[in-house]
Amino acid sequence: MLRQNHLHVSLLYIVLLTGTKYGCGGGGCGACTVMVSRYDQIHNRVLHYTVNACLQPICTLHGAAVVTVEGIGSTKTKLHPVQERIAKAHGSQCGFCTPGMVMSMYTLLRNKPHPTMEDIREALGGNLCRCTGYRPIIDGFKTFCVVSNAFNLFPKASCLIQSTFLLTKMHVFSFDYFETCSVKCMCYISLGIREWRGMLPEWPEWRIRGKVLLCFQGDRLKLISPVDLTNLLELKTEYSEAPVVVGNTTIAGPNMQLKGVHHPLIIYAGRLFVIYLLCVHVHAGVSMGAVCTLSSLKEEMERAVREMEAERTRGYQALLQTLRCLAGKQIRNMATIGGNILSANPKYDLNSVLAALDCTLQVMSKENGTRTITLNEELFTGFGKTALRPDEVLLSIDIPYSKPWEFVSAFRQAQRREFAFSIVNAGMKVVFREGTNIVESLNIYYGGVGATLVKIGRTCQKLVGRSWGEELLADACCLLEEEVELSDSAHGGKVEYRKTLTTSFFFKFYMQVLQELRERDVNVCLLPLEYLSALKPFKNEVPQGHHSFQLVSNAQSSQDPVGHPMMHQAAFHQATGEAQYYDDIPPVQGELFVFMVTSTRAHAKIINIDPSEALGMTGVVTFLSAGDVPGQNRRMLFNNPEELFAEEEVSCVGQIIGAVVAESREQARRAAQRVKVTYQDLLPVFFTIEEAIQHQSFFDLKRKLERGDMDKAFETVDQILEDEIYLGGQEHFYMETQGLIAVPKGENGELELFVASQHSAYTQEVVGITLGIDSNKITCHVRRLGGAFGGKVMKIASLSAITAIAAVKTGRAVRCVLERGDDMLITSGRHPFLGKYKVGYNNDGTIMAADITYYSNGGCTLNESSVIMEKALLHMDNGYRIPNLRGRGLVCKTYLPSYTAFRGFGGPQGLMVMESVLHEVAVKCGLPPQKVREINMYREEECYTHHKQLFSPRNMLRCWDECLDKAGYHDRLQAIQQFNTSNRWKKRGISAVPMKFGVGFSKGFYNQGAALVNIYKDGSVLVAHGGTEMGQGINTKALQIASRILKVPMSSIHIKETCTGNIPNAAPSAASFGTDAVGMAVKDACEKLMGRLKPVMENHPKYTWQQWVINKHPPDYNKLNIMMFLGPHTGVDWENSEGPAYYYFTFGACCSEVEIDCLTGDHKNLRTDIVMDVGRSLNPALDIGQIEGGFVQGIGLYTIEELQFSPEGVLMTRGPSQYKIPALCDIPPQLNVHLLANAQNPHAIYSSKGIGEPPVFLASTIFFAIKEAVAAARRERGLGDSFPLSSPATSERIRMACEDQFTEMAPSPKKGTFKPWSINI
């Protein structure tokens, strides 16, 4: 039945193929990528293409084969080369995205065994990774680009299904009729129209016995798949309100799954080949079938451009420019041109281009036959609405060829260049009188500046008959400004930016046409040479790089793996989909699902909670709220109260009020929406840092660090600067959302939790407090996490407690899996910061005094905000010796979900403010920022931080010097200056920063680790430790350490899951200290065991390891050992501003170069060079992977990722459609990482250093390089180099900072005169 109607659900819960991951539910991450194979009846071939399983209704796969990651290779049989190479290239860290990456590449190879790098880039464009930084994935896959290949890419696989169904005229059936293959693949037997074979090796012959209309009936939904066009028209006449779907990327996908839109009946038209005809070339152009996919459209346009004369395909070239950036490969394989048009979403890019080309649509109905409609603004009657009659269907789209004196361009600007909805898109076409520059006709269409497609009709009419020149340009811009109407409160916000883009796009079009007219010898004004680069869009490239690290000593045993670039120990299992995450655990019999009920008000009193309607729904078992908590609903965290369920009052949108428990995930979700909560709004209510300052709303804990005499210093300096910088927050966007399974054992009240937690001991503690039972009856199991980045330390404990209550109350296992949007809403992320500073400096750039106040937005509860603020203050000096330095930190209490830990834990914010200080001082002094940084660096052999911790900056200075040298900084700086002189609308910038980052917890009791090592009689070794594997490679490094001490191969050692029953009271895996603590504990335990074996080994030196273990040993010998490691004391006396806050410091330096488009705000990261001091690396491959991954996450923090809240405090960026993390297109084409040679660290295991958190901050070089590029643009306009630029440096902020005649046409409205669509929190 259609209770669970999407492929990913079927794979997970029906056939138990868990390799295909569920990441977002909207086709926005690629984790659920699978390959679908269909027989193409028109061209007599088999098509292989990738799809997002989360969008693919299972019943639409009738007649298709589905291959998942399990179907191409296994560690139990043989790995496919794609799986092997991504693993060996270190392209898998947490591993959650890896199966999707593998399937994208596998499908590419099925279609093109020897792909180009561009093919690989396109194939992976729809797959996101939050861990690796993409470069190692590309390194693994680019090996397939060679001409010859020793691998057999497609080993034989068998499909075990041999049955087919013979259906009558109308057949209604349930999922029970779908037989499935073995673990090799999953196939749904087809009813096609002819015999076909060969979709997969040894594919069985299926002879088709007839085509019939299919009907799939569920509890709430019916899907009908018509057999032919007549059938479709009859259905559309009878069910005129039913949507017609094919690709399912909008209506029955995101709208129904994520937005709760319900359609009781859906008509699936994917089997109608009469409207699937790829294309028909007619005299005037190409006619595309409405069901033609965007991928097919792209291929056809490419073929036409390749085979036809250029002037006839100008429109097709414009379409291609849009299609190459439109969505990811999986979406383009599913979405159709007809669906894209009729979705009537102005952010969908095709309509503006197709309308500019004067395309026409062929529509048909049973009653009125066929008619032709022009695709223009009149087709769209409202958002998501068209002028088609209810009973009409779209048959085809006619795309005309371009005429000789016709010029066409397409433009778009998005948060990301690829795989993102456009902010504004445009299609423009001008036709000239032959041989002249006189405009005969002009079409300009915009998407994204209104609820529907906008035609700039009045402007176009007034420009007809005019000469294409500067006067026309000036008049056109003024007319555009008048005609494009956007209210200051317009949906989507960014109003000034969107208005600016409309004129900037036209200016680009004007220049492009002008240039082409000159090439045709038309007498037009000369376009300045420095303008030409504006006509070239940024080209997306695949990242590559050079990496260097120090090899191990020749004296080291070849059997000793420490220091070698060993592959992640679970990489093969991750690449084959065999690695198990919490939601991959097979359902327990009788298992229930829990779904949270959250507040819809920011600050209100709860008057009543009425779950009666929800409890009356099918499958609902119970409802939970504060009254159901058997133990404590309120607990103290850092001396501040935290409620599990809101009891009397809510203090943010997204606060958990209750939870619905039901038989299925979907039933729980639907029922949660029916719980009625009555509120009484309360005042005050505010969300921003500025508002909190006005209300003096701060949490009690205030911190200060100070050295020197500030007042005296400010009296003696040459100059004083006062300024501020705002840094936005960041969503963790771990690929695996938060959740767990709670299983009551029934005896003695015992409970087992299979949980995604970085801090299982804390989860155990909170569950115990909530249930009112001892911790010894609660066992938490953590095998691995699909990414975490600090987000799974604290918030998961509350979710675990709620799920545990449900399990105890019902006596059944309960599963909790947050949907992506709910995860983002409930758990929050990195703290927004505001840094206000007063700086005293001399004219030579020496900073003598800095007084900095940090404000963070902590949200409604303190959570970990206090220690995050402490870390920001402790890092405020970075690598600079400022003699008089004061930092104060205040955590603002607002009515937003409480912010929590995130990779870097306040360090990236604290460091960023100081770097802003250095940058602005350099600008004021008229000096290069690099020189001002060098002037102020710590340089003595023994230095003291502002909190009086002793350290040596030697390795930081080495990193700095090597980074500038390897980057060729000075030569490139000159080249950039020359580039900027020669280019008006493109500018480049370069920036380098040093870094000093503290490793470990500033509260010493957390700096501990524990390990249990067992040696069995057969010689095998089992290691258990208190750390959590989340992609950083802690298990791999633990194996390397144990192998070195025990002198046994890593293959003889097994790492057990993290379990509170084995290792109690473990510290969280955080602060870049996991390997330090766990590694030392493993080392100590192994050394203790070797000490016990030593007498036996000395007496029998020729014995093997197994003989030593099982033969003569002392009676008291026990072949297991548990060890605790406790690091040295750390702590800060905040009253006296002193104390060793960290175990040691990790140093580094980074140099980045960018190029910006001054007209759109788009930017391209050109090159990054990183030199990092990691001591003596335990595993260079893993450390380089952490550096690259952290850096790319920092790219998101400082340039792309933007959280948007409504004025009512509602998070609006709640999924990958609205919130963009870096994709493949955002990675610098050159990403070079070098590990500092001959570096030592006496404070950690084998002289290594922690590396997980520090690299995030290095991406600030991208931000400051952008700022340098913007300053270059402003200088040409006679504007100052000093200007505000908040982080992240989005395209909007870049464009509006490049002030020019176009931004002046879109002035900012006066604050307080309108209600903004979103607010800066």
Side-chain angles (χ1 to χ4, degrees), residues 596-606 625-626 629 632-659 682 684-689 691-693 695-703 729 731-732 738 759 762-763 765-767 769-770 790-802 818 822-833 855-872 889-902 905-906 1068 1203 1205 1209-1211 1321:
M596 306 302 156
V597 176
T598 58
S599 168
T600 58
R601 305 292 177 86
H603 188 200
K605 181 179 180 181
I606 298 175
S625 60
V629 179
Q632 298 178 29
N633 185 56
R634 176 176 292 201
R635 65 184 187 279
M636 301 301 290
L637 178 63
F638 297 110
N639 297 317
N640 276 261
E642 292 261 353
E643 277 189 323
L644 189 66
F645 293 112
E647 205 162 350
E648 298 177 354
E649 198 175 290
V650 294
S651 51
C652 69
V653 175
Q655 186 172 356
I656 298 174
I657 295 174
L682 299 174
V685 57
F686 50 87
F687 311 105
T688 71
I689 292 175
E691 289 172 321
I693 294 171
H695 286 84
Q696 288 295 291
S697 178
F698 307 112
F699 288 98
D700 290 338
L701 187 139
K702 299 179 178 66
R703 292 300 194 204
E731 162 60 29
H732 299 94
Q738 303 219 25
H759 195 356
Y762 179 69
T763 297
E765 176 187 345
V766 170
V767 171
I769 291 171
T770 303
K792 295 177 180 177
V793 175
M794 309 295 286
K795 296 294 183 90
I796 185 62
S798 295
L799 298 172
S800 299
I802 292 170
L818 290 188
D822 291 327
D823 188 296
M824 295 179 72
L825 177 69
I826 293 169
T827 66
S828 199
R830 191 187 298 276
H831 291 66
F833 263 66
Y855 299 93
S856 73
N857 195 328
C860 60
T861 64
L862 185 61
N863 199 268
E864 295 180 274
S865 298
S866 59
V867 285
I868 287 166
M869 178 58 76
E870 289 176 1
K871 190 152 188 172
L890 296 93
V891 179
C892 299
K893 184 177 183 179
T894 62
Y895 294 93
L896 291 174
S898 59
Y899 288 89
T900 189
F902 200 134
F905 210 72
L1203 292 164
F1205 287 84
V1210 179
L1211 177 64
I1321 51 96

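Keep in mind the model is a prediction, meaning the values are calculated, not measured.
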Those residues that, when tested against E691, pass salt bridge (Lys or Arg N to Asp or Glu O under 4.0 Å) (two or more places apart): none
Before you tell me yes or no, could you show the steps for F686 and Y895 under ring-ring contact (aromatic ring centres under 6.0 Å, His included), namely the whole-Å CA-CA distance, both residues' side-chain angles and the distance that decides it to 0.1 Å? CA-CA 6 Å; F686 50 87; Y895 294 93; 5.4 Å; yes
If you compare all heavy atoms of [X] against all heavy atoms of [Y], which two are closest, and at what distance to 0.1 Å?
| X | Y | value |
| --- | --- | --- |
| G889 | M869 | CA-SD, 3.5 Å |
| P897 | S828 | O-OG, 3.7 Å |
| P832 | I689 | O-CD1, 3.8 Å |
| V650 | S599 | CG2-OG, 3.5 Å |
| Y899 | I1321 | OH-CD1, 3.1 Å |
| G858 | V891 | CA-CG1, 3.8 Å |

Listing request: all salt bridge (Lys or Arg N to Asp or Glu O under 4.0 Å) pairs with a residue in residues 635-652, at least two apart in sequence or in separate chains.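 Residue pairs passing salt bridge (Lys or Arg N to Asp or Glu O under 4.0 Å), neighbours aside: R634-E643.
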Which is it for R601 and L682 under the side-chain contact (heavy atoms from CB on, under 4.5 Å) test, yes or no, and what are the steps along the way? CA-CA 10 Å; R601 305 292 177 86; L682 299 174; over 6 Å; no
Taking only residues two or more places apart in sequence, or in another chain, which ones meet F902 in a ring-ring contact (aromatic ring centres under 6.0 Å, His included)?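 ring-ring contact (aromatic ring centres under 6.0 Å, His included) check on F902 returns H732.
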Among all residues two or more places apart in sequence or in another chain, which pass the ring-ring contact (aromatic ring centres under 6.0 Å, His included) test with H759?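 For H759, the residues satisfying ring-ring contact (aromatic ring centres under 6.0 Å, His included) (neighbours in sequence not counted) are Y762.
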When you look at F645 and I802, which way does the side-chain contact (heavy atoms from CB on, under 4.5 Å) test go after all the steps? CA-CA 9 Å; F645 293 112; I802 292 170; 3.7 Å; yes
More than 12 heavy atoms of other residues, nucleotides or ligands under 6.0 Å from NZ of K702: is that the case?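 Yes, enclosed.
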With sequence neighbours excluded, tell me which residues meet side-chain contact (heavy atoms from CB on, under 4.5 Å) with [X].
| X | result |
| --- | --- |
| S800 | L740, L753, V755, T763, V767, I796 |
| T770 | V629, L644, V766, A801, I805 |
| K893 | S697, F699 |
| D822 | F595, E819, I826, R1214 |

Can you tell me how far [atom2] of [Y] sits from [atom1] of [X], rounded to the nearest 0.5 angstrom?
| X | Y | atom1 | atom2 | value |
| --- | --- | --- | --- | --- |
| S856 | F698 | OG | CZ | 10.0 Å |
| S625 | N633 | OG | CG | 9.0 Å |
| L896 | F687 | CG | CZ | 6.5 Å |
| N640 | D700 | CG | CG | 7.0 Å |
| R830 | F905 | CZ | CZ | 11.0 Å |

Hey, is the main chain of T827 close enough, under 3.5 Å, to the side chain of K795 for a donor-acceptor pair?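 Checking the backbone N and O of T827 against the side chain of K795, a donor-acceptor pair under 3.5 Å is found.
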From CA spacing to verdict: side-chain contact (heavy atoms from CB on, under 4.5 Å), L862, L637: CA-CA 8 Å; L862 185 61; L637 178 63; over 6 Å; no
Please assess L1211 against L1203 for the test side-chain contact (heavy atoms from CB on, under 4.5 Å), listing each intermediate value before the final yes or no. CA-CA 7 Å; L1211 177 64; L1203 292 164; 4.0 Å; yes
With the side chain counted from C-beta on, respond yes when I693 and L890 share a heavy-atom pair under 4.5 Å apart, and no when they do not. no
Is any side-chain heavy atom of E731 less than 4.5 Å from a side-chain heavy atom of D823?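 Yes. Closest side-chain heavy atoms under 4.5 Å.
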side-chain hydrogen bond (donor to acceptor under 3.5 Å, both in side chains) against [X], all qualifying residues, sequence neighbours excluded:
| X | result |
| --- | --- |
| E870 | R703 |
| S651 | Q655 |
| T894 | N857 |
| S865 | H831 |

